[in-house]
Amino acid sequence: MESENEPLKMNKTQSVHPFPDNYIYVPPRPRPQPRSVLRRFCTIALASTLIWTLIAPLGSILSGNWYISGRDGQDGQTWPGRNQVDQDELRQILRDVPSSESAMQWSRYYTSGPHLAGKNYSQALSTKQKWEEWGIKSEINEYVVYINYPLNHRLALLKGKEKEQDGEKEYEVTYEASLVEDVIEEDPTSGLANSVPTFHGYSASGNVTAPVVYVNYGTYQDFEDLLAANITLKGKIAIARYGGIFRGLKVKRAQELGMIGVILYSDPGDDGEVTDEKGVPTYPEGPARQPSSVQRGSTQFLSVAPGDPTTPGYPSKPEAPRRPVETATPSIPSLPISYADALPILKALNGHGPKAKDFNQWWTRNTGLGYKGVEYNIGPTPDDVVVNLYNEQEYVYTPIWNVIGVINGTIPDEVVVVGNHRDAWVAGGAGDPNSGSAVLNEAMRAFGEALKRGWKPRRTVVFASWDGEEYGLVGSTEWVEEYLPWLKHASVAYVNTDVGVRGKRLAVAASPILNKVIYTATSLVGSANQTRPGQTVYDLWDKKIKTMGSGSDFTAFQDFAGIPSIDIGFDNDRDSPVYHYHSNYDSFHWMQKFGDPDFLYHRTMAQVLGILVAEIANLPVIPFGAEDYAKALAEYVHKVEDKLDAYLIPPAEVLSASVTDEEMFELRSSTRNISSPVSVSTTSKHTPKTFRKSLTRLHEALQTLTYHAYHLDLLADELRHISENDEIPWWDLPRKIRHHCAVRKANTKYKYLERSFLYEEGLDNRPWFKHVVFAPGLWTGYSGAVFPGLMESIDQEDWTNAERWVDIIESRILNAARGIEA
């Protein structure tokens with residue numbers, strides 16, 4: 001008989017996860033013999049008792065499931081052997097056990113030293129051991145992946161002068177960038193001897209010298225503005241500010257336009273109201289940005305495909321075939337620097353080329369170094385004012401280690417996965433990712449306490465501490481690719497917390513099918529900031545749930561495997577202490593002084609995470625909302641129509657002040673200039689107008705989906721009501737069995753709904769992404785694009801391809817409708 005917490009055996013070669021070997025042998029019934037009336041009566045009575053005793057486990061064997069509920073629908077699973085912890089008691093455990101003190105200790109442990117991907121086995125082992133102490137069977141899952149480590153670097157500003165003898169130029173160094181962050185005495189991990197140098201993951205090695213050009217945020221439209229102004233880019237080095245879009249896409253576009261190197265810096269203008277210019281002291285004295293802070297990070301082309309770039313679509317096992325990486329990683333060198341190191345280079349541009357204000361409003365938004373003497377000239381610098389950029393990286397194949405823990409449920413083919421990544425670019429990582437690590441551990445400690453009290457979930461819960469996320473979601477992607485058949489068959493949802501806490505504002509992104517359970521979970525947890533008694537996280541939240549993009553470990557689950565996903569954490573805003581992203585100052589000291597001094601938000605997030613997982617894993621009827629999904633899809637079609645209408649008749653002007661930063665970067669990442677109208681002249685039978693008309697087919701298909709989604713949710717509510725109120729008498733076995741079968745059927749429809757939107761051929765020119773509804777924006781990387789096939793066709797003015805995607809999406813919507821119809 002399988003023990004309650006035996007490690008889950010994931011069979012990557014089968015499409016169905018093998019059921020546990022818990023069958024019951026029933027011997028053949030002997031041929032009946034004549035009996036007296038009394039004996040017949042006793043036999044029938046005894047048989048009835050035996051049937052009642054055996055029907056639950058027998059039903060479990062026959063159907064793979066047994067949805068039996070006690071009062072409030074919250075007793076255990078199979079009977080006999082009922083659960084000793086009901087749902088209300090489980091929720092209370094998940095609220096009571098997490099503590100701020102324990103979360104603080106986890107934060108201190110994970111941030112005490114460097115833990116780059118492939119260099120943190122001791123943390124993996126310690127994490128596994130702790131999980132097992134809590135009664136959660138765990139194992140370490142290894143892949144051999146292609147990543148880089150820094151060897152050497154240099155960035156210098158040079159001034160040339162001609163030699164008298166031969167007229168050739170010789171250069172003298174006018175500024176040598178430090179490329180290190182200041183050691184701060186009161187922040188211990190900022191001065192470790194083995195601290196991680198400033199570098200970019202997947203950056204190319206190289207030694208280049210050239211004039212420099214300021215390219216603003218390095219968005220697609222920023223580069224289009226430069227080309228329109230006849231700024232020479234080929235053979236030059238770009239200096240771009242961080243922000244808005246994934247850093248690797250800034251490098252990608254510069255490379256495509258013939259630039260030979262990229263420098264990235266953090267401009268304090270993006271820090272809102274908390275800046276040195278506005279009189280706010282800098283870290284560590286105050287919450288403003290430390291001038292020497294540097295944002296490390298990956299420059300992989302994340303919107304093309306995440307994971308190990310040498311094994312796209314399949315796991316990076318030692319024997320796996322390896323592919324070239326040229327289409328997935330840069331071929332030009334890049335370096336991250338602080339704004340202190342950027343100042344001399346930006347000032348060297350003063351007086352050369354047009355100024356940012358000569359372009360458009362998007363170039364002057366959030367410029368924050370004018371008070372330091374930067375005029376934001378574009379350049380290029382003269383030929384005798386150049387930058388030398390030297391970057392030396394070591395590329396290796398190295399093991400990385402995911403830690404996987406399992407609490408087996410009674411339903412073997414319904415699984416909830418919850419994860420956080422463990423690796424960081426720095427010794428710290430108190431916000432990213434180890435606030436999430438502390439949160440996950442505290443939630444798991446609470447689940448461990450529930451296990452001690454006799455709880456067992458209906459659905460299997462898999463916990464993951466991923467490695468290699470920072471380089472390109474590597475650990476989680478390889479794991480999903482390895483166990484894809486089983487995950488597609490069994491997985492109900494994936495819950496992700498990356499940055500669990502870096503501020504006080506709840507931030508959520510999720511598939512719309514999960515909206516209801518998110519509202520429920522947040523309403524069951526008291527807020528960390530009790531401005532009035534009884535206030536919940538839900539009460540203080542703005543209720544905004546973003547669409548799924550990329551940039552964290554949910555990507556492979558949502559966009560590749562079609563598993564509905566959530567990403568949740570407390571974020572900062574423009575009035576919060578500046579969060580030093582991927583910097584040495586994302587440290588335990590910063591968290592304790594500015595981020596979450598009492599670790600109250602860590603405790604609160606652990607409570608939210610635990611209850612969120614428990615609601616999905618333990619309730620008889622999966623708490624999803626199919627109608628929410630259908631309504632969201634209709635809104636997404638309207639967004640496509642709005643984009644097309646704006647292109648057919650461009651607005652006179654989109655004012656910078658009228659849009660959010662996220663909207664701005666979505667506009668600026670378009671591959672087409674929105675200020676000029678779409679060309680309607682075409683020799684093809686497909687035109688913008690025929691495409692506009694074709695979109696009505698999607699609305700019609702969504703009406704069908706909405707109808708069936710409404711009735712599925714209605715049925716689920718009825719089944720939920722029956723379970724919660726224990727309406728079926730104990731002796732009415734036929735009705736109980738019909739009820740349990742109906743719950744099973746409804747849950748299966750919910751489980752597979754998201755998978756209905758997968759398209760096996762994938763998106764245009766990035767076939768790894770299979771979801772027709774959600775994907776990272778092609779030139780944003782982080783933020784989510786809806787119906788990317790349609791949006792990108794509009795940008796490219798490819799109306800034939802747009803019509804093709806209408807056909808594909810319509811077929812997926814109708815497929816989803818068929819999957820959930822009564």
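Computed from a predicted structure; not experimentally measured.
Using a 4.0 Å cut-off between a side-chain N of Lys or Arg and a carboxylate O of Asp or Glu, R365 and D661 qualify as a salt bridge. Ionic pairing of E176 and R154 is present here: one or more N-O contacts between side-chain nitrogen and carboxylate oxygen are shorter than 4.0 angstrom. Using a cutoff of 4.0 Å between basic side-chain nitrogens and carboxylate oxygens, R668 and D225 are scored as salt-bridged.
No donor-acceptor pair under 3.5 Å is formed between the side chain of K372 and the backbone N or O of K347. With hydrogens and angles disregarded, no donor-acceptor distance shorter than 3.5 Å links the side chain of R502 to the backbone of D432. D341 contributes no side-chain N or O that, together with a main-chain N or O of A177, makes up a donor-acceptor pair within less than 3.5 Å. In this structure, D575 contributes its side chain and G272 its backbone to no donor-acceptor pair below 3.5 Å. Checked by atom type and distance alone, the side chain of T329 pairs as donor or acceptor with a backbone atom of V325 at under 3.5 Å. Listed for the S205 side chain is a donor-acceptor partner under 3.5 Å among the backbone atoms of Q393. A donor-acceptor contact shorter than 3.5 Å links the side chain of H582 to the backbone of R296. With hydrogens and angles ignored, the 3.5 Å screen pairs no side-chain donor or acceptor of K357 with any backbone N or O of T364. Remark: the backbone N or O of L667 is not paired with any side-chain donor or acceptor of S670 at under 3.5 angstrom.
In terms of heavy-atom proximity, V262 sits nearest to L389 at O-CD1, 3.7 Å. The two residues N350 and G373 make their nearest non-hydrogen contact at ND2-O, 2.9 Å. Nearest heavy-atom pair across L179 and L335 is CD1-CD1, 4.3 Å. Minimum interatomic distance between A438 and S107 (heavy atoms only, all atoms of both residues): CB-N, 4.2 Å. P344 and L157 get closest at one heavy-atom pair: O-CD2, 3.7 Å. When all heavy atoms are compared, the tightest approach of D423 to E469 is OD1-N, 3.1 Å.
When only modelled atom types and interatomic distance are considered, T111 and N434 share no side-chain donor-acceptor pair under 3.5 Å. For the residue pair N388 / N207, a side-chain donor-acceptor distance below 3.5 Å is found, with atom types taken as modelled. Between the side chains of D586 and Y579, at least one donor N or O sits under 3.5 Å from an acceptor N or O. Looking at S203 and S334, their side chains never bring a donor and an acceptor atom within 3.5 Å of each other. Using modelled atom types, one finds a donor on one side chain and an acceptor on the other under 3.5 Å when comparing D267 with Y376. No donor-acceptor contact under 3.5 angstrom links the side chains of D467 and Y143, judged on distance only. Side chain to side chain, Y471 and D308 fail the donor-acceptor criterion of an N or O pair below 3.5 Å. S190 and E181 form no side-chain donor-acceptor contact under 3.5 Å, judged by distance and modelled atom types alone.
Between Y146 and Y395, the two ring planes are parallel [angle under 30°; tilted spans 30° to 60°]. Between Y585 and Y283, the angle of the ring planes lies from 30° to 60°, which puts this pair in the tilted group.
Annotation: cation-pi pair K119/Y149 present, NZ/CZ under 6.0 Å from the ring centroid and within 45° of its normal. For the pair R253 and Y220, the cation sits on the ring face: its NZ or CZ lies under 6.0 Å from the ring centre, inside 45° of the axis.
Scored by the side chain to side chain donor-acceptor pair (under 3.5 Å) test, S783 finds T780 as partners (sequence neighbours excluded).
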**Q.** H200/N391 under side-chain hydrogen bond (donor to acceptor under 3.5 Å, both in side chains): CA gap, chis, key distance, verdict
**A.** CA-CA 10 Å; H200 280 146; N391 185 43; over 6 Å; no
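Checking each of Y265, W362, F665 against Y217 for a ring pair (Phe, Tyr, Trp, His ring centres under 6.0 Å) leaves exactly one that passes, namely F665.
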